[in-house]
Amino acid sequence: MKSEPAAFSFEDLWRARRRTTFWDGVRNYQARNLMRGGMRVGDGVLFYHSNAAPPGVAGLAEVASAARPDPTQFDPEDPHYDPRSRREEPRWWGVDVRAVARLPRLLPLEELKGDARLAGMAVVQRGSRLSVQPVTPAEWKRVRQLAGL
DNA sequence: GCCAACGTTGGC
DNA sequence: GCCAACGTTGGC
């Protein structure tokens, strides 16, 4: 799951109450579908810093709730307000995410790209903009290994 | 700041 | 349903 650290970093999550936050603001159907249908409580999450110097995996987290409607879609004052959303049929969903482990070091995208075993990983593909991406068990293990865990 | 890649919108 | 225009993402 990607976040711009200037907006919300892994350290922000680590310091949050119960190290948990609701992952709101996702406005992409593919990413929504992954959160709503592709996640189970307890699933591992790679917390990725995008638009950062350097970009990369900043920490480990986990899915901490089932998906539920994102309240920001109904709030006209919120930048993620979506006037097309109706409460009877919410368009945008999110999950709770809980920080689980800091990494000994940030694992830069450049290293992910340089690792043959991660060649298929979504985040290393050219033009990969999706903010929520699936990670295979093998990729998960390899990332942990590279990060020094 | 640049710009390629991508998703969405809306005219037709 | 097509596709050009547009806005956004995100690496560099």
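Numbered from 1 within each chain, the chains take letters A, B, ... in sequence-line order.
- Phe8(A) and Phe47(A) have tilted rings, their planes meeting at an angle from 30° to 60° on a 0 to 90° scale.
- Ion pair Arg32(A)/Asp70(A) not flagged as a salt bridge, since none of the NZ, NE, NH1 or NH2 atoms sits closer than 4.0 Å to an Asp/Glu carboxylate oxygen.
- Residue Tyr48(A) places at least one side-chain N or O under 4.0 Å from the OP1 or OP2 atom of dG11(C).
- Note on Lys2(A): every side-chain N or O is 4.0 Å or more away from OP1 and OP2 of dT8(C).
- Between His49(A) atom NE2 and dC12(C) atom C1' there is a gap of 19 Å when expressed in whole angstrom units.
- Of the N and O atoms on the side chains of Asp82(A) and Trp92(A), at least one donor lies less than 3.5 Å from an acceptor on the other residue.
- Whole-Å rounding puts the Gln125(A) CD to dG10(C) C1' distance at 15 Å.
- The residue among Arg129(A) and Arg91(A) whose nearest nucleotide of DNA chain B lies closer to the 5′ end is Arg129(A).
- Look at CD on Glu110(A): it is 8 Å from P on dC12(C), rounded to the nearest Å.
- The interatomic distance linking Asn28(A) (CG) with dG10(C) (C1') rounds to 14 Å, in whole Å.
- As rounded to whole Å, 17 Å separates atom C1' of dT8(B) from atom NE2 of His80(A).
- As rounded to whole Å, 13 Å separates atom C1' of dC6(B) from atom CD of Gln133(A).
- Nearest-nucleotide positions on DNA chain B for Arg84(A) and Ser128(A) put Ser128(A) closer to the 5' end.
- The closest side-chain donor-acceptor pair between Thr72(A) and Arg27(A) falls under 3.5 angstrom.
- dC6(B) atom P lies 11 Å from atom CG of Leu130(A), rounded to whole Å.
- The interatomic distance linking Leu106(A) (CG) with dG11(C) (P) rounds to 12 Å, in whole Å.
- Here the side chain of Gln30(A) is nearest to one of dG11(C), dG10(C), dG7(B), namely dG7(B).
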